[in-house]
*Asks:* 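What follows is a structure written as structure tokens; I'll ask about it next.
These values consider heavy atoms only, across backbone and side chains, with no hydrogens, waters or symmetry-generated copies.
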Amino acid sequence: MVPVDSAEPQTQILVLRTRTATDKGKLIQRILFPIRYSFVLDEQLRVSILALLAYGGVVFGLSIWLMGADRTSWYYGLFVVSQAFPPLLPAALVIGQSVAADRLRRQQIFCIDLPRINLCGKVRLMLFDKTGTLTHSGMQFYSVQEIANTTFGDAEQNIEKLSDQIQIGLASCHAATEIDQQLIGNPVDVEQFQATGWRIENNREGAHSLDTLIAPDHRTVHVVRRFEFEHARQSMSVAVQDAATRHVHVFVKGSFERIKKIARVDSVPADYDAVTAAWAKQGCYVLALAHRDLGEMDLGSVSRMPRAQLEAGCSLVSLLLFRNTLKEDTPQAIAELRGGDTRSVMVTGDTALTAAYIARECGMVDATARVVLGTIEDDALIWRDTATDKVVDDINAEICAVTAQDPQVSQVELAVTEAAFNWLIKSGQIRHLLLHIRIFARMTPQGKITCVNLHMERAVTAMCGDGGNDTGALRAAHVGIALSEAEASIVSPFSSANPSIMSCVTLLREGRAGLATTLAAYKFLVNYAVVMALLLEVTQFYFSVIVPEAVWIMVDGFTTSIMILSITQAQTAKKLAPSRPTGQLIGAHTLASIWGQAAINIAFLYGSIGLLFAQSWFRCNEFDSSDIDTSLWWLLGDNYEAEVISIVCLFQFINAAGVYNFGYRYRRVWATNYLLVLMYSAFLAVVSAIALADPNRFGCVFRINCGNTQTVRDLGYSASTVHISEYNNPLGHNVMPRQFRWTLWAMCVVNAVVCLAYEKLVVLGPVGRRVKAWWVAKHGDSKIQFKL
């Protein structure tokens, strides 16, 4: 505060907006508090948990009913509930994400938000920034086209042939600075200054000079004021003093549209729009430069002048042209995304015509497609064909005519500037046209956020960018990937050390594989709940038997954890499939797989028990638990019923891992999951050996095909290596005849083959696809259709 009696002039400041009311504040708010999203897997997980708990309640009631309503039966019932709700389920739902994150890390893609990996598997809309994302980050200086007496000269690449005025403007109108003999700043500014051949010396002129610029011929210019680039203004400006003439010059540089608006009307050539459009259509990054000579002035007065006063009355003096070349693998990445049923959209701060050129070059826009640009002219939205510059009177009729032919064919693509975009929002037309617009040009950071949010209403949306002006959009999107290790990577859920947009393809492939793996692990554990709680537990309670304790140890201690880990090691598909994996835990596809497998397993289990009861050697040897304390559960497994239940359920449980290892379209073929193939084969070999072998030490650990030593010898088997506790049944053994063992094993193998065939041919194969096609034909497809 300046005292009232001070001789210094008093200054009053009126603050119009603070905190989140400012543009910067809104951007920071969006970064810190992004819009919450709802993923179908997370929503249905609650329902799935409730369903499993209800299922646990049912099998609990069955256990009490079958075992008798005493204290012991309550303990058994609680044990069944723990089987109905697998304790590994929470881990199974995240282990696929962890494996995918590790694979991404090995490919130099880093994740700070694991749950978003599953969202990557459902992305349908991919939004791209242009400069530094689709194209190389660096701009190549191309040429300068001077304007004299409202007439364009020839494009000149040799800076020395330009007028002194233009040379000073090129050397000074930028925000590049030098630190440790290295130029730092915006790539365009750096490229522009390097093209001049001038050099920077800091603070050579004292308090009124920011920088001193020295030309190759030793001319000297002092930078007095510098106004940084603002997205709202789309321009920057400087005030410099020519040391030779002592004149103060103001240079304003920015988008050619903006400079045209602020420059003197009598300095704008009549063909200005046509010339700038022609350069933009050739893929040039076009900036305009305006100039004003203030003459000799006190530098202190210049320092106090507001920006608007300094820039007022400037005259157009030249166009600055830069080339921004496409990255070599961008067309391949766009083609793979299109083949993977993912729509690519460009959201850029560059001009619409340059963006259209790049979009056509990379394949985002078909070579034969028309691009119709929406701009604001005289406060009205006008649509023009970019090739002919003809006005399109009814854009809706144009779209409907093309869409009626084929919704997937892109014969007309729309492009809009941010002004037109905002006009469409205010008029309520944006949601109707959104998925027809391929290019959003001249977008500010806040405009990019709004664009992303609108796309998020229609489908799972990803945003890919590289600069600080993309941070808000990267944070707002369902999936954001920064092709940078700078500020954009701090807020983005994903960042890539590789600046190629092939990182987006990799991210989607890993996301789809991760989501498919998560669903596979979920289905495996639900199958565990069905096999263990309904088939094994309830069936054994019906016969008042309990499978041997070694079977429990094998299932819960080894098989479950190892097979879950093995399922997650399935390799990622090499290319994006033209569809996405389901994310529904209780959808028709998931339930068809789970309950189809359950029905097959139930049929084979009770078929095996029926086969057992049909054997003459069994009829008089049924287990009777009436004389045994049921609390001593380890005494209830020495019988044929528990033996058959154990063998069949072990086969079914192990085979479930093989069933859900089918990669379909998102993971590689079954045999490439080497860990699962090894564990699957090993566990099946172990169970087969237990089921088929004569009495031996290993089988007797599981109390299958074993018995008391003398009893085994009386049956004609060698018992020299068998050392177990006494059997708890009148027979003293549960050794099945060899023929029955082979018959039971064959049934288990057929059971496994039928389950594998059902998953491969019905759920994932032609039968499932035909059923889906029939359903869609009859009831329609709820999925939003749009041009890829």
*Asks:* Where do E759 and K523 land on the salt bridge (charged side-chain N to carboxylate O under 4.0 Å, His left out) test, with the steps shown first?
*Replies:* CA-CA 12 Å; E759 187 74 14; K523 290 189 286 187; 3.7 Å; yes
*Asks:* Are P493 and C111 close enough that some pair of their side-chain heavy atoms sits under 4.5 Å apart?
*Replies:*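 With C-beta onward as the side chain, the pair stays apart.
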*Asks:* Drop me the distance from F651's CZ to S608's OG, to the nearest 0.5 angstrom.
*Replies:*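 One finds 10.5 Å between CZ of F651 and OG of S608.
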*Asks:* Any idea how W670 and F662 line up, ring-wise: parallel (<30°), tilted (30 to 60°), or perpendicular (>60°)?
*Replies:*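 W670 vs F662 ring planes: tilted.
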*Asks:* Nearest heavy-atom pair of W617 and L612: which atoms, and what distance?
*Replies:*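 Scanning both residues completely, I find the closest heavy atoms to be CH2-CD1, 3.7 Å.
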*Asks:* Could you give me the CA-CA distance, side-chain angles and deciding distance for Y666 and T517, then say whether side-chain contact (heavy atoms from CB on, under 4.5 Å) is met?
*Replies:* CA-CA 9 Å; Y666 319 111; T517 298; over 6 Å; no
*Asks:* Atom SG in C706, atom CD1 in I690: separation rounded to 0.5 Å?
*Replies:*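 With rounding to 0.5 Å, SG (C706) is 11.5 Å from CD1 (I690).
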*Asks:* Would M736 and E643 count as a side-chain contact (heavy atoms from CB on, under 4.5 Å) here? Give the steps.
*Replies:* CA-CA 9 Å; M736 298 179 290; E643 184 177 34; 3.4 Å; yes
*Asks:* Answer whether the closest heavy-atom distance between the side chains of S593 and Y660 falls below 4.5 Å.
*Replies:*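 S593 reaches Y660 side chain to side chain.
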*Asks:* For a side-chain contact (heavy atoms from CB on, under 4.5 Å) check, start with the C-alpha distance between L507 and L104, then their side-chain angles and the critical distance, and finish with the verdict.
*Replies:* CA-CA 7 Å; L507 181 61; L104 288 169; 3.8 Å; yes
*Asks:* Would T572 and R667 count as having a side-chain donor-acceptor pair, cut-off 3.5 Å?
*Replies:*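 No, because no side-chain N or O of T572 sits under 3.5 Å from a partner of the opposite role on R667.
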*Asks:* Give me the atom names and distance for the closest heavy-atom approach of T590 to L519.
*Replies:*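 Scanning both residues, the minimum pair turns out to be OG1-CD1, 3.8 Å.
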*Asks:* Mind checking whether V479 and L508 have side chains closer than 4.5 Å, heavy atoms only?
*Replies:*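 Of all side-chain heavy-atom pairs linking L508 with V479, none is under 4.5 Å.
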*Asks:* Please identify each residue that fulfils salt bridge (Lys or Arg N to Asp or Glu O under 4.0 Å) with R668, with sequence neighbours left out.
*Replies:*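 Counting only residues at least two positions away or on another chain, R668 forms no salt bridge (Lys or Arg N to Asp or Glu O under 4.0 Å).
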*Asks:* Among side-chain atoms of N734 and N639, is any donor-acceptor pair under 3.5 angstrom?
*Replies:*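 N639 and N734 do not have a side-chain donor-acceptor pair below 3.5 Å.
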*Asks:* Please test F653 against F524 for ring pair (Phe, Tyr, Trp, His ring centres under 6.0 Å), starting from the C-alpha separation and ending with a verdict.
*Replies:* CA-CA 9 Å; F653 186 55; F524 175 76; 5.2 Å; yes
*Asks:* Show which side-chain atoms of residues 557-568 pair as donor or acceptor with protein atoms under 3.5 Å away, not counting sequence neighbours.
*Replies:*
{"residue": "T559", "atom": "OG1", "partner": "M554", "partner atom": "O", "Å": "2.8"}
{"residue": "T560", "atom": "OG1", "partner": "V555", "partner atom": "O", "Å": "2.7"}
{"residue": "S561", "atom": "OG", "partner": "F558", "partner atom": "O", "Å": "3.3"}
{"residue": "S566", "atom": "OG", "partner": "I562", "partner atom": "O", "Å": "2.8"}
{"residue": "T568", "atom": "OG1", "partner": "L565", "partner atom": "O", "Å": "2.6"}

*Asks:* The criterion is ring pair (Phe, Tyr, Trp, His ring centres under 6.0 Å); which residues satisfy it with W775, sequence neighbours excluded?
*Replies:*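 Checked W775 against ring pair (Phe, Tyr, Trp, His ring centres under 6.0 Å); matches are H779.
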*Asks:* Pairing donors with acceptors under 3.5 angstrom, does anything connect the side chains of E510 and Q107?
*Replies:*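 There is such a pair between these side chains.
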*Asks:* If the condition is ring pair (Phe, Tyr, Trp, His ring centres under 6.0 Å), which residues does F604 pass it with, not counting sequence neighbours?
*Replies:*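 None.
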*Asks:* Assess whether atom CZ of R770 is packed by more than 12 heavy atoms of other residues, nucleotides or ligands within 6.0 Å.
*Replies:*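 Not buried by this count: 12 neighbours or fewer within 6.0 Å.
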*Asks:* Test: ring pair (Phe, Tyr, Trp, His ring centres under 6.0 Å). Region: residues 691-712. Which pairs qualify, not counting sequence neighbours?
*Replies:*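 Listed by first then second residue: F698-F702.
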*Asks:* Which residue pairs pass the salt bridge (Lys or Arg N to Asp or Glu O under 4.0 Å) test with at least one member in residues 674-691, sequence neighbours excluded?
*Replies:*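 Passing the test, one end in residues 674-691: no pairs.
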*Asks:* Which atom names give the shortest non-hydrogen contact between D638 and R703, and what distance separates them?
*Replies:*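 That closest heavy-atom pairing would be OD1-NE, 2.6 Å.
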*Asks:* Check whether any side-chain heavy atom of L764 sits under 4.5 Å from a side-chain heavy atom of H589, and report yes or no.
*Replies:*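 Heavy-atom side-chain distance check passes, below 4.5 Å.
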*Asks:* How long is the gap from CG on L125 to CD on E457, to the nearest 0.5 Å?
*Replies:*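 Answer for the CG-CD pair, L125 versus E457, is 12.0 Å.
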*Asks:* Under a 4.5 Å cut-off applied to non-hydrogen side-chain atoms, are L576 and L337 in contact?
*Replies:*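 Sidechains of L337 and L576: in contact.
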*Asks:* Show your reasoning for whether side-chain contact (heavy atoms from CB on, under 4.5 Å) applies to Q597 and V659.
*Replies:* CA-CA 9 Å; Q597 298 290 332; V659 167; 3.4 Å; yes
*Asks:* Give the minimum heavy-atom separation between N661 and A570, together with the two atoms involved.
*Replies:*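 Scanning both residues completely, I find the closest heavy atoms to be OD1-CB, 4.0 Å.
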*Asks:* Does some side-chain heavy atom of I109 sit less than 4.5 Å from a side-chain heavy atom of T506?
*Replies:*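 With C-beta onward as the side chain, the pair touches.
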*Asks:* If I take atom CD from residue E336 and atom SG from residue C504, how far apart are they, to the nearest 0.5 angstrom?
*Replies:*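 Separation between the atoms: 11.5 Å.
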*Asks:* Report, one line per pair, each donor and acceptor closer than 3.5 Å where one atom sits in a side chain of residues 743-751; sequence neighbours left out.
*Replies:*
{"residue": "T743", "atom": "OG1", "partner": "Q739", "partner atom": "O", "Å": "2.8"}
{"residue": "W745", "atom": "NE1", "partner": "S688", "partner atom": "OG", "Å": "2.9"}

*Asks:* State which residues pass side-chain contact (heavy atoms from CB on, under 4.5 Å) with L715; sequence neighbours excluded, sorted by chain then number.
*Replies:*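 Per chain and number, L715 pairs via side-chain contact (heavy atoms from CB on, under 4.5 Å) with Y717, H733, V735.
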*Asks:* With sequence neighbours left out, what residues match D556 under side chain to side chain donor-acceptor pair (under 3.5 Å)?
*Replies:*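 Side chain to side chain donor-acceptor pair (under 3.5 Å) check on D556 returns Y528.
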*Asks:* Decide yes or no for F110 and F494: does some side-chain heavy atom of the first lie under 4.5 Å from some side-chain heavy atom of the second?
*Replies:*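 No, too far: nothing below the 4.5 Å cut-off.
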*Asks:* Would you give me the side-chain donor-acceptor pairs under 3.5 Å for residues 89-99, sequence neighbours excluded?
*Replies:*
{"residue": "Q97", "atom": "NE2", "partner": "L93", "partner atom": "O", "Å": "3.4"}
{"residue": "S98", "atom": "OG", "partner": "V94", "partner atom": "O", "Å": "3.3"}

*Asks:* Among side-chain atoms of Y680 and N655, is any donor-acceptor pair under 3.5 angstrom?
*Replies:*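 Yes, N655 and Y680 have a side-chain donor paired with an acceptor closer than 3.5 Å.
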*Asks:* Distance check, rounded to the nearest 0.5 Å: Y606 atom OH versus I645 atom CD1?
*Replies:*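 So the OH of Y606 and the CD1 of I645 are separated by 8.0 Å.
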*Asks:* In the structure I gave you, are the side-chain heavy atoms of L675 and N673 within less than 4.5 Å of one another anywhere?
*Replies:*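 Heavy-atom side-chain distance check passes, below 4.5 Å.
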*Asks:* Sub-3.5 Å donor-acceptor pair from the side chain of N708 to the main-chain atoms of T711, do we have one?
*Replies:*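 Not at all, since once roles are kept as given, no pair shorter than 3.5 Å links the two residues.
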*Asks:* Got a donor-acceptor contact below 3.5 angstrom from the R512 side chain to the P581 backbone?
*Replies:*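 Not a single qualifying donor-acceptor pair exists.
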*Asks:* Using the salt bridge (Lys or Arg N to Asp or Glu O under 4.0 Å) criterion, which residues pair with R741? Sequence neighbours excluded.
*Replies:*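 With neighbours one apart ignored, the set is D694.
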*Asks:* Return each pair, listed once, that meets salt bridge (Lys or Arg N to Asp or Glu O under 4.0 Å) where at least one residue sits in residues 84-102; pairs must be two or more places apart or across chains.
*Replies:*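 Passing the test, one end in residues 84-102: D102-R105, D102-R106.
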*Asks:* Say whether, by atom type as modelled, one donor and one acceptor occur between the side chain of R116 and the main chain of H478 under 3.5 angstrom.
*Replies:*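 Yes, R116 side chain to H478 backbone: donor-acceptor pair under 3.5 Å.
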*Asks:* Quick check: closest heavy atoms across G583 and K122, and the distance to 0.1 Å?
*Replies:*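 Minimum heavy-atom contact is N-NZ, 4.0 Å.
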*Asks:* Show the nearest heavy-atom pair for residues L676 and A657, with the distance to one decimal.
*Replies:*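 Nearest heavy atoms, L676 then A657: CD1-O, 3.8 Å.
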*Asks:* Keeping T342 on the side-chain end and G340 on the backbone end, is there a donor-acceptor pair under 3.5 Å?
*Replies:*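 Confirmed, T342 side chain pairs with G340 backbone.
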*Asks:* Quick one: pull up CD in Q569 and OH in Y674 and give me the separation to the nearest 0.5 Å.
*Replies:*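 Atom-to-atom, Q569:CD and Y674:OH are 13.0 Å apart.
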